[in-house]
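Atoms considered below: every heavy atom in the structure, side chains included; atoms not considered: hydrogens, waters and symmetry mates.
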Amino acid sequence: MISQKINRSAVQIDAEVISNKKVGPYHHMVFAVGQVAAACKPGNFVAISVGGSQSALILRRAFAIYRALDKGPMGGSIELVVAAHGEGSKWLCARNVGDFVDLVGPLGTAFGVPTTNANTMLIGGGYGSAPLFALAELLKNRGCRVDMVLGASTANKIYAPLEGKRSVSSLTLTTDDGSAGIHGQISEAIPRLIREYKTEVIYSCGPMGMLSAIAKIAEEFDISHQCSVEEAMACGIGVCMTCVVPIKHEDGIKMVRTCIDGPVMDGSEIIWDRKSVMDAL
Amino acid sequence: MISQKINRSAVQIDAEVISNKKVGPYHHMVFAVGQVAAACKPGNFVAISVGGSQSALILRRAFAIYRALDKGPMGGSIELVVAAHGEGSKWLCARNVGDFVDLVGPLGTAFGVPTTNANTMLIGGGYGSAPLFALAELLKNRGCRVDMVLGASTANKIYAPLEGKRSVSSLTLTTDDGSAGIHGQISEAIPRLIREYKTEVIYSCGPMGMLSAIAKIAEEFDISHQCSVEEAMACGIGVCMTCVVPIKHEDGIKMVRTCIDGPVMDGSEIIWDRKSVMDAL
Amino acid sequence: MSTLDFSTKIGSKRFSNPIFTASGCASSGSELAQFFPLTEIGAIVTKSIMTKPRTGRMTPRMAETPSGMLNSIGLQGPGIDVFLEKDIPWLVSQQAKIIVSIAGETVDEYGVLARRLRAVSGISAVEVNISCPNVENRGQVFACQPDTAVAVIESVRRNIGGELPIIAKLSPDVTDIVEIAAAVINAGVDSLALINTLLGMVIDTNTMRPKLAGKTGGLSGPAIRPVAVRAIYQVHQAFPNTPIVGMGGVASGRDALELILAGASAVSVGTATFGDPTAVIKIKNQLAELLTQKGFNDFRDAIGFAHRGI
Amino acid sequence: MSTLDFSTKIGSKRFSNPIFTASGCASSGSELAQFFPLTEIGAIVTKSIMTKPRTGRMTPRMAETPSGMLNSIGLQGPGIDVFLEKDIPWLVSQQAKIIVSIAGETVDEYGVLARRLRAVSGISAVEVNISCPNVENRGQVFACQPDTAVAVIESVRRNIGGELPIIAKLSPDVTDIVEIAAAVINAGVDSLALINTLLGMVIDTNTMRPKLAGKTGGLSGPAIRPVAVRAIYQVHQAFPNTPIVGMGGVASGRDALELILAGASAVSVGTATFGDPTAVIKIKNQLAELLTQKGFNDFRDAIGFAHRGI
Ligand SMILES: Cc1cc2nc3c(=O)[nH]c(=O)nc-3n(C[C@H](O)[C@H](O)[C@H](O)COP(=O)(O)OP(=O)(O)OC[C@H]3O[C@@H](n4cnc5c(N)ncnc54)[C@H](O)[C@@H]3O)c2cc1C
Ligand SMILES: Cc1cc2nc3c(=O)[nH]c(=O)nc-3n(C[C@H](O)[C@H](O)[C@H](O)COP(=O)(O)OP(=O)(O)OC[C@H]3O[C@@H](n4cnc5c(N)ncnc54)[C@H](O)[C@@H]3O)c2cc1C
Ligand SMILES: Cc1cc2nc3c(=O)[nH]c(=O)nc-3n(C[C@H](O)[C@H](O)[C@H](O)COP(=O)(O)O)c2cc1C
Ligand SMILES: Cc1cc2nc3c(=O)[nH]c(=O)nc-3n(C[C@H](O)[C@H](O)[C@H](O)COP(=O)(O)O)c2cc1C
Ligand code: FES
Ligand code: FES
């Protein structure tokens, strides 16, 4: 299965942790990666080995690149926003400045940028906001209007740092519990906002349920939708075939690797209804 | 298999590392263990869990107690001399002051002390010297003459700290490569020393090969020999039956657990010849 | 917080909770008793006992492996006489629930052991470890063929009399574990114990020889848990009414729950005890908490839950 | 330092070094090629290919387990036509040594695949993955019974012609792997690949259902290494002249050496590549260093060394 989309910039490096700060329930972590930073595009991710040499955790963990700085005081660096979820991400969050991690990246596809000015909406759920800030900057520089909508179950799970907000024309927050912004699920607020901001392109990143709901809305409004999906990945580099999503295909369903043909994919091509896929297989 | 010898003092505690110093190829480590220290006797050992919660290393590692201090500035403490051998002991050596380890102890039998004054010889190979210093102190206080013989492959592998030497009447070193003391294997030097010091009781601790050679010498001289054996242990508490050594028994061979009936055992009871045991089984 | 009915049943016998020790991983109980009262656990499953005293194998008897270990003890033990004379009375004096594991080299030896147990009071069940080499048939393990497995069970059934539940402990090293389960259920066992260790080997790359004196050994620990879950799931699917004592790599309440959801009515903890003498107690407490969190009032509602429709 | 002859042979074919990728763990090579030149490894073993394109299973397709993982891909692949048209020429252009793995649902499908391969140049061997469900026989895996295993091999042998070595890849989920090995060797295979994954299951204790969409999956990684070593040792003991491609949990040069000492003539690296894209290269270099340290001048002297007297 030779894919044209393999991210040819990917390399394997020992990356030094140069900062690790707790921000709400997340860890904002910075890694010295040298020239690798220059190759990182918004939407790309990295795969990090966790647990150390005698760990029972044998697979890498994937994290979206929040920001890549080509030239900083420590050379090139990348930043991640990590939720301490299970053992692997907890291990990563527990790294100290000066520790090294084995990192492969940049991996996967990047967000596509409209060729002309367009009204864009960037929708992020939880740490799904991470890759959207770099995208916002890019879009803004290209002259696009950027409306950002960030949601989470509760206020402190919205990751929206000050410096990230510079590039956005508007920022709307939603929380399931009403502790900040609009009360309710993020997808409920979207239709009204699309109308209000005359959105022409949607970018989204977050849990699969959210992406699926947005895909439906994008279809109804008939606007393009690029989403960054999150499937469990064993390798991150395209060799294991575990990370697939079903997409529509002339002969029915095709399973494509989200680590190579994604994580950023065309929301209208993905078959979101699991049951229909299960039945068809 | 109910044994009368179960060390009833053993408890499981989280012990804080209060010192960790590199001494030659070893780490001298001190752990705060509170009241546990009072129950530790020379010859006892502890079993420590290694690698952390997601480690692929699932078994405890055994270490002889080098010293136990009933009341120190940090309360009771025990000291170990750890060789960074494989992954587990390397992990332990890498602990920092303030870290906690899960420790079970004191375990196993202790060295028996002669009821009357006697000339004793304490023979240690490599880190096998560790439990002998506390024993030396005990014997000295009981009025025994204490001759210590420490050997290793090379000079820096002999663990013989200054404070440990206080209680000995003589100290002889041997190295296989001649880099310190007498040139040659430790067992080669022993017969002459036994004659010289009129040794009545031998205590030994070190690799099985060394113990076996000493057992033979003790038999020739017809003097009593207590040795601390080192068999691979899965549990350290007597439930797995992996740590056995063959001993002479009315009906032939009996396998006894070195974590309960040892590590300190009567050298004359052990069947040292592996081949004869293999053939008999 | 609602109270949880944590009891479980194996055949006619009730146990106050479903966390047991695993045979060969708790000796005969006295070593663990200094870390917790044996009444705290559902049952203690004793090390497989044979008719005569056995020396077992030469060392090395163990090798640590990634998230697991190999053992090759060779069924060292005092023999049934000493066991009944010393170990059982001591366990009874501790008010421990006792499941006696038996092992034999011939079909007859199992029968002899069963007969010795029939009159013994204080025993709650007998676990028949059929993962032993059959000396009468080229050392082939009894559990590996339906006919030899059945022969052992029938011999035990004939000799044990009364209503002592019989648990057949199966080996995962077979082409079709459901076939073996079917055979022994047909032969009248009340329960199955799943799984025994997997046959493995470690070669010491320093000496360049097999690490264990017995060359091969049994693989246990978290490494094998997915195999245990699969075996339990398959057998429970086929025989939902036969209680299963599950085991294989359980080291936390989560792991115990996993085996229970697959179909286990009780869970034995083996290798985890080597890493932590109080593992059984921690696992029991974690399991109770998890079950309560998930809204189970009766432990037995969780058994085989993974099989039920969504 | 003396130079090491690192080459190995499988049937009539020579490989410059004994470290291969494992089927299904290197896709068809292009993804790894950005991390190292494919000429660096002994051979690339391609993902098992079937006659038609296959969608494979729904996600979740994987679950991490202690020192291992489960996978249930369902043999997703482009089908033999696209494979021969695109993947093979690309691999040939990279000057990679190629071993093609084939899989079928019927005995005939294997034959059809073998016939398609007979005229293809640039292939060094064909690995026959017989750990597939036989749709003509209740989905029973071909590798689980001697007769079905033999039927597949005979079908391949008849159709492949010429001197392309045939490697039969066996499943460890059998009562007696030596029996299966004997049967396929008798049917004319040149080599054996040991071992495929073990059948396992993980239950997600949050959803309380099997974690994988396919319910069961194949267990791989360091967790299963002791089972692989045992299988290789047993089979090499019985058939010292049949070269074995060993695999199962190899993650370092030490691990590769362990399988070689047990009897492997080459070692495939699977799951380790997921954790480290350059694992195969590191393992190859570590192995070369270890062999040299131990005084081997010829790699082949190390094969099966653990069997020789002390
Ligand atoms: C493309 C991509 C980008 C991501 N970006 C971020 C990010 O920016 N910040 C962040 O905090 N997390 C991100 N994640 C999720 C992150 O990978 C998981 O939280 C992490 O793998 C969990 O590992 P664990 O050991 O902590 O949890 P465990 O649940 O113990 O992990 C067990 C296994 O499941 C996999 N897994 C568990 N949860 C997820 C998940 N949500 N997605 C994918 N695999 C999972 C793990 O990789 C591991 O193999 C991203 C995932 C993907 C695929
Ligand atoms: C009673 C007793 C007292 C000991 N006292 C000391 C001491 O004071 N200082 C010290 O440095 N070491 C001591 N040891 C040895 C120490 O236990 C081992 O060095 C340690 O277990 C090695 O673990 P590892 O993970 O580093 O090595 P690995 O080789 O990776 O260990 C693999 C497995 O083998 C076992 N193992 C390996 N080497 C030994 C060994 N020499 N003895 C027993 N088991 C082994 C380990 O416990 C583990 O299960 C003692 C051992 C015993 C039995
Ligand atoms: C050291 C050791 C000794 C064992 N001895 C026996 C035994 O005597 N009889 C038996 O039926 N199973 C025996 N087993 C198997 C265990 O009871 C259990 O089935 C297996 O180890 C899987 O569980 P675990 O992973 O929790 O250890 C032994 C296991 C180990 C590790
Ligand atoms: C994700 C994945 C996919 C696999 N696909 C195949 C396959 O298509 N054909 C095959 O013969 N083996 C397949 N295997 C089995 C491996 O080739 C190998 O036999 C097994 O994983 C053990 O080796 P390891 O522990 O190094 O991974 C696959 C294994 C994994 C993990
Ligand atoms: S994660 Fe392995 S192919 Fe995508
Ligand atoms: S180490 Fe387990 S019985 Fe001694």
Exercise. Which value, rounded to the nearest 0.5 Å, describes the distance between B/E231 atom CD and C/R61 atom CZ?
Worked result: 9.5 Å
Exercise. Between atom CE of C/M58 and atom CD1 of B/I253, what is the distance when rounded to the nearest 0.5 Å?
Worked result: 8.5 Å
For this session: Taking the side chain as every heavy atom from C-beta outward, state whether B/V244 and C/I73 have any atom pair closer than 4.5 Å.
Result: no
Exercise. Which heavy-atom pair separates C/Q34 from B/A10 by the least distance, and what is that distance?
Worked result: NE2-O, 3.4 Å
Exercise. Which bit of B/V104 comes within less than 4.5 Å of chain C, counting heavy atoms only: side chain, backbone, both or neither?
Worked result: side chain
Problem set entry | Nearest-0.5 Å distance that lies between atom CE in B/M241 and atom NZ in C/K47 | 7.0 Å
For this session: Go through the atoms of B/T258 and report whether side chain, backbone, both or neither lie under 4.5 Å from a heavy atom of chain C.
Result: neither
For this session: Under 4.5 Å heavy-atom distance to chain C, tell me which part of B/A47 shows up: side chain, backbone, both or neither.
Result: neither
For this session: State the OG-CD1 distance between C/S30 and B/I260, to the nearest 0.5 angstrom.
Result: 7.0 Å
Exercise. For C/S67 and B/S55, which heavy atoms make the closest approach, and how far apart are they?
Worked result: OG-O, 4.5 Å
Exercise. Is a side-chain donor or acceptor of C/Q76 paired with a backbone partner of B/K254 at a separation under 3.5 angstrom?
Worked result: no
Exercise. How many angstroms lie between atom CD1 of B/I58 and atom OG of C/S220, to the nearest 0.5 angstrom?
Worked result: 6.0 Å
For this session: Below 4.5 Å from any heavy atom of chain C, which atoms of B/V11 appear? Answer side chain, backbone, both or neither.
Result: backbone
Problem set entry | Interface moiety of C/T65 toward chain B, non-hydrogen atoms closer than 4.5 Å | backbone
Exercise. Taking C-beta and beyond as the side chain, do C/M62 and B/C240 meet within less than 4.5 Å on heavy atoms?
Worked result: no
For this session: Scan for side-chain hydrogen bond (donor to acceptor under 3.5 Å, both in side chains) pairs involving residues 209-218 of chain B, sequence neighbours excluded, and state none if there are none.
Result: none
Exercise. For atom NZ of C/K97, is the number of surrounding heavy atoms from other residues, nucleotides or ligands below 6.0 Å larger than 12?
Worked result: yes
For this session: For C/Q293, look at atom CD and say whether over 12 heavy atoms of other residues, nucleotides or ligands are found less than 6.0 Å away.
Result: yes
Problem set entry | Criterion side chain to side chain contact (heavy atoms under 4.5 Å, CB included) on C/F35 and B/I237, from CA distance to verdict | CA-CA 10 Å; C/F35 295 101; B/I237 57 165; 4.0 Å; yes
For this session: Would you indicate whether B/K248, at its atom NZ, is surrounded by more than 12 heavy atoms from other residues, nucleotides or ligands within a distance under 6.0 Å?
Result: yes
For this session: Dump the intermediate steps for salt bridge (Lys or Arg N to Asp or Glu O under 4.0 Å) on C/E64 and B/R60, then the final yes or no.
Result: CA-CA 10 Å; C/E64 200 183 34; B/R60 279 173 191 261; over 6 Å; no
Exercise. Looking only at heavy atoms, which two atoms of B/S49 and C/G275 are closest? And how far apart?
Worked result: CB-O, 4.4 Å
For this session: Please list, in residue-number order, every residue in residues 269-281 of chain B that has a heavy atom less than 4.5 Å from any heavy atom of chain C; write 'none' if there are none.
Result: B/R274, B/V277, B/M278, B/L281
Exercise. Checking side chain to side chain contact (heavy atoms under 4.5 Å, CB included) for the pair B/V239/C/T21: CA distance, chi angles, key distance, verdict?
Worked result: CA-CA 11 Å; B/V239 294; C/T21 60; over 6 Å; no
Seminar exercise, completed: One option among C/G68, C/A213, C/G221 has the most heavy-atom pairs under 4.5 Å with chain B, and it is C/G68
Exercise. CE/B/M233 to OG1/C/T59 distance, rounded to the nearest 0.5 angstrom?
Worked result: 11.5 Å
Problem set entry | Between B/Q12 and C/D276: side-chain donor-acceptor atoms closer than 3.5 Å | yes
